[in-house]
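Atoms considered below: every heavy atom in the structure, side chains included; atoms not considered: hydrogens, waters and symmetry mates.
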Amino acid sequence: PNPICEGQTLTLTSTGGTSYSWSGPGGFVSSMQNPVINNVTTGHSGTYTVTVTGAGGCNSTATVNVTVNTLPVATAGASPNPVCEGQTLTLTSSGGTSYSWSGPGGFTSGVQNPVINNVTTGHSGTYNVTVTNAAGCYSIASVTITVNPQPVVTIVPVPALCTTDPPYTPTGNPPGGTWTFNGTPVSNIDPSIYAPGNYTLTYNYTGANGCSN
């Protein structure tokens, strides 16, 4: 093709004679009628001249100007990464004018920075983005996402308490979490300081992977 992108294969073509002599940028020479240049770079841009010789030994020349466009510098990222189940994951990319994402579970998006809400462990894996620039050249970048599971948290049921009962220490699993009672951080519940009624007890545990439940 012409224009052509870096890294592609360029085929020069000529007709009209019985022998051919090509010259071009960077000292390029060839005696083939239709020479092929693999993995072109911007250094291959410029004017190529072919001398075409006929059966009678007469010759003439023709030229073609070749443009080799640069590839975009594609980037891919994610935030946060690792991410916890249930959180929102934002994929990020740069370097071009259009973007095409693909990923685990058939994920696709044409947005530069797509957002995935309420992620699950099924969203873990490698995401690829094809970044295309204004010249139509493209590069691919990738980012690997880890979605960590939330810990499984349980509370031992709390019995009905009387205002005359001694302080009560609640039990949660896994151990080591934090407690709030009626919105106030506590280590135990002193029934004598509360009026009779219904209160909310909350246990929050954060695992080694930083995810909490």
Pairs under 3.5 angstrom only: tabulate donor-acceptor contacts from the side chains of residues 130-142 to other protein residues two or more places apart or in another chain.
unit_1	atom_1	unit_2	atom_2	d
Asn133	OD1	Ala135	N	3.1
Asn133	OD1	Gly136	N	3.2
Asn133	OD1	Cys137	N	2.9
Asn133	ND2	Thr70	O	3.0
Ser139	OG	Pro72	O	2.8

### Message
Going by side-chain hydrogen bond (donor to acceptor under 3.5 Å, both in side chains), name the residues that satisfy it together with Asp190, two or more places apart in sequence or in a different chain.
### Response
Ser192
### Task
Could you work out the complete set of other residues in the hydrophobic cluster of Val111, with links drawn between I, L, V, M, F, W and Y side chains under 4.5 Å apart?
none
#### Entry: Tyr199: ring pair (Phe, Tyr, Trp, His ring centres under 6.0 Å) partners, not counting sequence neighbours
Phe181, Tyr194
### Message
Between Tyr168 and Val186, is there a side-chain heavy-atom distance shorter than 4.5 Å?
### Response
no
### Task
Could you pull out all residues at least two apart from Thr171 that satisfy side-chain hydrogen bond (donor to acceptor under 3.5 Å, both in side chains)?
none
### Task
Could you pull out all residues at least two apart from Thr144 that satisfy side-chain hydrogen bond (donor to acceptor under 3.5 Å, both in side chains)?
Thr126
## Note on the structure
Connected to Val156, directly or through other members, by ILVMFWY side-chain contacts below 4.5 Å are none
### Query
ring pair (Phe, Tyr, Trp, His ring centres under 6.0 Å) with Phe28: which residues, sequence neighbours excluded?
Tyr48
### Task
Sort and list the pairs that fulfil disulfide (SG to SG under 2.5 Å) and have at least one residue in residues 46-102, not counting sequence neighbours.
Cys84-Cys211
### Summary
For Thr47, the side-chain hydrogen bond (donor to acceptor under 3.5 Å, both in side chains) test, sequence neighbours excluded, returns Asn65
### Query
Who pairs with Asn198 by side-chain contact (heavy atoms from CB on, under 4.5 Å), at least two apart in sequence or on another chain?
none
### Summary
Heavy-atom nearest pair, Asn2 first then Thr67, reads OD1-N, 3.1 Å
### Query
Quick one: side-chain contact (heavy atoms from CB on, under 4.5 Å) partners of Ile155, sequence neighbours excluded?
Trp179, Tyr203
